[in-house]
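Side chains are part of it too, since the values below use all heavy atoms of this structure and drop only hydrogens, waters and symmetry mates. Just so it is clear, the structure is predicted and the values come from calculations on it, not from any experiment.
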Amino acid sequence: MIKKLTLPLFITFLQVIILTLTHAVIHSFFPMFHKSIGFGLAVRYTGIIFTVSILLFNYYLVFFNKNLYIITCILIGIVSVIPIMAIDHRPYRSLLLIILVFFGFTSSITIQKLKKNKS
């Protein structure tokens, strides 16, 4: 039972770290030169919403694992709302955030499928 509770927490931690590092590396290769700092708030709030939703999604995968793709699409839509609102100001950065969110949720599904096939 302890393994069922700690494994999703560990997977979420790794996913958030990897996606944050990916965003930082891409940002360092292609820096943004802009006058306003408004998009930084969009990145921060997207990160917070993504962290909470991926944690809940990982626990959902461990305990229920029903209607998987519908819930994934809904959560991707919820997390992508803030980058979509900022797409007029920074279209490529918003697209980058949406792609990272997509890869975060699909990595959870992939990990769950691999874990299920291994068992």
Side-chain angles (χ1 to χ4, degrees):
M1 186 66 176
I2 298 291
K3 186 177 179 181
K4 274 191 168 184
L5 293 175
T6 57
L7 188 62
L9 191 62
F10 180 69
I11 290 172
T12 302
F13 178 73
L14 285 178
Q15 286 175 325
V16 169
I17 295 297
I18 289 171
L19 290 176
T20 303
L21 288 175
T22 304
H23 183 267
V25 166
I26 291 174
H27 181 68
S28 68
F29 284 129
F30 304 106
M32 280 193 301
F33 300 108
H34 54 83
K35 296 176 183 172
S36 69
I37 60 168
F39 190 72
L41 294 174
V43 171
R44 178 174 289 158
Y45 290 138
T46 302
I48 291 169
I49 294 170
F50 172 73
T51 303
V52 170
S53 63
I54 198 74
L55 178 66
L56 295 174
F57 184 66
N58 283 334
Y59 277 113
Y60 179 81
L61 285 175
V62 169
F63 291 110
F64 300 112
N65 205 5
K66 296 178 184 174
N67 300 326
L68 190 63
Y69 298 109
I70 295 171
I71 292 176
T72 304
C73 290
I74 290 170
L75 286 174
I76 288 173
I78 289 171
V79 176
S80 298
V81 166
I82 294 175
I84 288 172
M85 289 181 351
I87 207 158
D88 292 338
H89 305 287
R90 302 279 177 237
Y92 297 122
R93 298 295 172 186
S94 299
L95 184 62
L96 173 65
L97 288 177
I98 294 169
I99 290 171
L100 288 175
V101 164
F102 176 76
F103 282 130
F105 283 106
T106 55
S107 68
S108 289
I109 294 172
T110 306
I111 290 169
Q112 183 66 20
K113 296 281 184 185
L114 290 174
K115 194 169 69 172
K116 188 183 276 187
N117 287 340
K118 192 175 183 180
S119 296

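- Taken together through direct or relayed side-chain contacts under 4.5 Å among Ile, Leu, Val, Met, Phe, Trp and Tyr, Leu41 and Leu96 form part of one hydrophobic cluster.
- Summarising the geometry, atom CD1 belonging to Ile54 is positioned 10.0 Å from atom CD1 belonging to Ile11; distances are rounded to the nearest 0.5 Å.
- A single hydrophobic cluster is seen to contain both Leu55 and Tyr45, as judged by linkage of ILVMFWY side chains at heavy-atom distances under 4.5 Å, directly or through other members.
- For the residue pair Gln112/Asn58, the side-chain donor-acceptor check at 3.5 Å is not satisfied.
- Between Ile98 and Pro83, the closest heavy-atom pair is CG1-CB, 3.9 Å.
- Under the side chain to side chain contact (heavy atoms under 4.5 Å, CB included) rule, Ile17 has a single partner from Leu14, Leu21, Thr20, which is Leu21.
- Taking the side chain as every heavy atom from C-beta outward, Tyr59 and Thr12 never approach each other to under 4.5 Å.
- Note on Ile82: it clusters hydrophobically with Phe102, by side-chain heavy-atom contacts below 4.5 Å among ILVMFWY residues.
- Nearest heavy atom pair, residue Ser108 against residue Leu61, reads O-CD1, 3.6 Å.
- Cluster annotation: Leu95 is connected to Ile26 through the hydrophobic network of ILVMFWY side chains, with a link wherever side-chain heavy atoms come within less than 4.5 Å.
- If you take CZ on Phe105 and CD1 on Ile71, they are separated by 11.0 Å, rounding to the nearest 0.5 Å.
- Side-chain atoms of Ser28 come within 3.5 Å of backbone atoms of Val25 as a donor-acceptor pair (strictly under, hydrogens ignored).
- Of all heavy-atom pairs between Ser80 and Ile76, the closest is OG-O, 2.7 Å.
- Atom CD of residue Gln15 and atom CZ of residue Phe57 lie 9.0 Å apart, to the nearest 0.5 angstrom.
- Ile99 and Val16 end up in the same hydrophobic cluster when Ile, Leu, Val, Met, Phe, Trp and Tyr side chains are linked at under 4.5 Å.
- The nearest pair of heavy atoms linking Val79 to Ser53 is CG2-OG, 3.3 Å.
- Closest approach of Asn67 and Tyr60 over heavy atoms only: N-OH, 4.3 Å.
- Counted within 6.0 Å of OH on Tyr92, heavy atoms from surrounding residues, nucleotides or ligands total 12 or fewer; the atom is thus considered open.
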